[in-house]
Amino acid sequence: MHGVKRGTSGLSLVVGVNKPSGMSSHDVVNRCRTIFGERRVGHTGTLDPMATGVLPICIGPATRLGSYLTAHDKHYRVTIAFGVGTDTDDAEGRVTRTGDVPPCVTDPAFAASFVEGLVGASKQLPPAYSAIKVNGKKSYEAARAGNIIDLAPRDIEVYEARLLEVREGRGDELPTWDVAFHVSKGTYIRALARDVGVALGCPAHVAALERTRLGTLDLEECVSLEVLAQLKDRAALDPVRLLGGRFLFAQDAAIPKVANGSPLPASAYPLYERRRSRADLELCACTSGVRESCTGPKDGETVAVIADNKLAALYGYDRARDAYQARCVFQTGVSRGKDL
């Protein structure tokens with residue numbers, strides 16, 4: 001493509017990949033580099049190699065969205081196996097302990113009540129095999145080298161926990177629970193499984209894990225790598241929706257101002273938001289699912305700026321100046337994809 005640097009595609013977009021088991025998130029990034037002919041590719045929200053499901057991938061200049069797409073809550077479906085613990089707290093790890101499973105684990109009524117009791121805010125000690133950095137070194141790298149990093153407990157919240165199925169386990173099969181979780185950013189499902197076992201007096205680990213939703217991105221919107229190779233940029237999603245915040249429109253003379261990162265007076269740019277419910281949509285004759293916001297900007301709020309039907313920039317509201325200040329400008333606007 002004339003005028004495009006070597007190793008770049010000229011594309012700027014976000015896609016949703018249904019990550020297969022057995023691939024690391026970085027493996028998926030490398031596959032996407034090949035699919036799009038683009039070296040600038042990044043993921044938002046690491047999934048363990050064993051895990052499957054929702055993995056947003058940013059292509060080209062859209063990789064700068066990465067830090068803005070990682071603060072969302074997440075939904076998972078997990079299988080917790082009882083009676084065996086591993087060094088990674090999942091099925092891929094080395095078995096470090098075994099123990100008898102108390103009879104209450106296979107009682108569906110007990111299991112449902114216990115799972116419901118996991119809802120709420122708490123402190124969680126992350127797994128030793130995690131991507132958390134301490135003094136510049138990733139915890140899992142230290143763990144593989146035989147060193148233990150002292151990880152600090154983190155504030156997490158379980159918004160919803162629902163028991164889906166109890167299996168008693170026959171022969172060599174372990175007893176398991178299938179559980180649907182809705183959790184805050186930074187929550188490790190492997191650590192939840194480990195701590196469930198500790199509370200019940202027996203070791204436990206994650207036998208299977210699927211991320212079904214990240215922020216506003218559902219698993220149904222994600223595609224396999226094979227389908228992505230066929231669709232390519234036709235798989236693009238709307239980054240404004242994925243960001244989940246409010247937005248404004250820049251038109252005419254404002255477009256070059258945004259491209260230059262110039263401040264925008266708040267009084268000249270009304271804020272818009274997506275309609276949240278089906279009832280909202282039914283009350284409106286339009287089909288865009290967008291309405292003008294009833295409240296003004298909040299100090300420090302990040303706002304998406306749309307120009308020429310692309311995500312042109314992210315601005316932050318400065319109350320002292322009553323203006324939006326540039327935080328991240330995309331010289332190649334990020335495609336708003338098929339959502340429109």
Side-chain angles (χ1 to χ4, degrees), residues 1-5 7-15 36 38-42 44 56-72 215-217 233-234 236-276 284 286-340:
M1 185 182 297
H2 181 70
V4 176
K5 295 180 182 178
T8 64
S9 60
L11 297 172
S12 181
L13 53 94
V14 181
V15 298
F36 289 98
E38 171 62 63
R39 58 182 172 78
R40 294 168 298 173
V41 177
T44 69
I57 300 290
C58 300
I59 311 295
T63 51
R64 298 176 66 200
L65 282 171
S67 61
Y68 296 94
L69 292 173
T70 57
H72 298 310
T216 61
L217 180 59
D233 59 322
R234 287 179 291 148
L237 301 168
D238 182 6
V240 177
R241 178 176 67 84
L242 299 182
L243 286 164
R246 295 191 286 181
F247 47 92
L248 59 84
F249 294 93
Q251 298 175 334
D252 303 326
I255 293 178
K257 290 182 179 179
V258 171
N260 291 327
S262 302
L264 301 175
S267 59
Y269 296 91
L271 281 180
Y272 292 85
E273 61 189 5
R274 295 185 67 88
R275 295 178 181 275
R276 302 294 183 185
C284 179
C286 65
T287 58
S288 65
V290 170
R291 67 179 176 190
E292 188 171 339
S293 183
C294 298
T295 58
K298 300 175 182 177
D299 194 31
E301 178 180 359
T302 299
V303 173
V305 179
I306 298 170
D308 291 332
N309 207 27
K310 291 184 177 181
L311 174 61
L314 296 176
Y315 271 57
Y317 178 64
D318 185 335
R319 179 176 293 165
R321 294 179 172 84
D322 193 28
Y324 298 107
Q325 306 284 341
R327 289 183 175 171
C328 181
V329 176
F330 301 97
Q331 295 304 323
T332 301
V334 184
S335 168
R336 295 194 64 201
K338 66 182 183 181
D339 287 4
L340 300 179

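Heads up: numbering here begins at 1 and tracks the sequence.
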Gap separating the CG atom of L13 from the CD1 atom of I57, nearest 0.5 angstrom: 11.0 Å

C58 vs L69 side-chain heavy atoms within contact, under 4.5 Å: yes

Heavy-atom side-chain contact between V305 and L314 under 4.5 Å: no

Beyond-backbone contact of Y324 with L271, side-chain heavy atoms, under 4.5 angstrom: yes

Donor-acceptor under 3.5 Å (Q331 side chain, A259 main chain): yes

Close side-chain approach of L11 and E38, heavy atoms under 4.5 Å: no

Euclidean distance, R321 CZ relative to L264 CG, rounded to 0.5 Å: 13.5 Å

R327 side chain reached by Y68 side chain, heavy atoms, under 4.5 Å: yes

Backbone of E273 reached by a side-chain donor or acceptor of S293 within 3.5 Å: no

Exercise: identify the closest heavy-atom pair between S335 and P239: O-CD, 3.1 Å

F36 versus D233, closest heavy-atom pair with distance: CE2-N, 3.8 Å

N/O donor-acceptor pair under 3.5 Å between R64 side chain and V329 backbone: yes

Nearest heavy atoms of A250 and I255, plus distance in Å: O-CG1, 3.7 Å

Plane angle bin for Y272 and F247 - parallel if under 30°, tilted between 30 and 60°, otherwise perpendicular: parallel

Side chain proximity check, T44 to L242, heavy atoms < 4.5 angstrom: no

L243 to H72 - nearest heavy-atom pair and separation: O-CE1, 3.3 Å

Side chain to side chain, Y317 and D322, heavy atoms closer than 4.5 Å: yes

Heavy-atom donor-acceptor pair, D238 side chain to V240 backbone, under 3.5 Å: yes

For the student: nearest non-hydrogen atoms of R336 and L311, plus distance: CG-N, 4.1 Å

Check: R241 side chain, T216 main-chain N or O, donor-acceptor pair, under 3.5 Å: yes

Considering all heavy atoms, the nearest G333-S12 contact: O-CB, 3.6 Å

Worked check of side-chain hydrogen bond (donor to acceptor under 3.5 Å, both in side chains) between R246 and T295: CA-CA 11 Å; R246 295 191 286 181; T295 58; 3.0 Å; yes

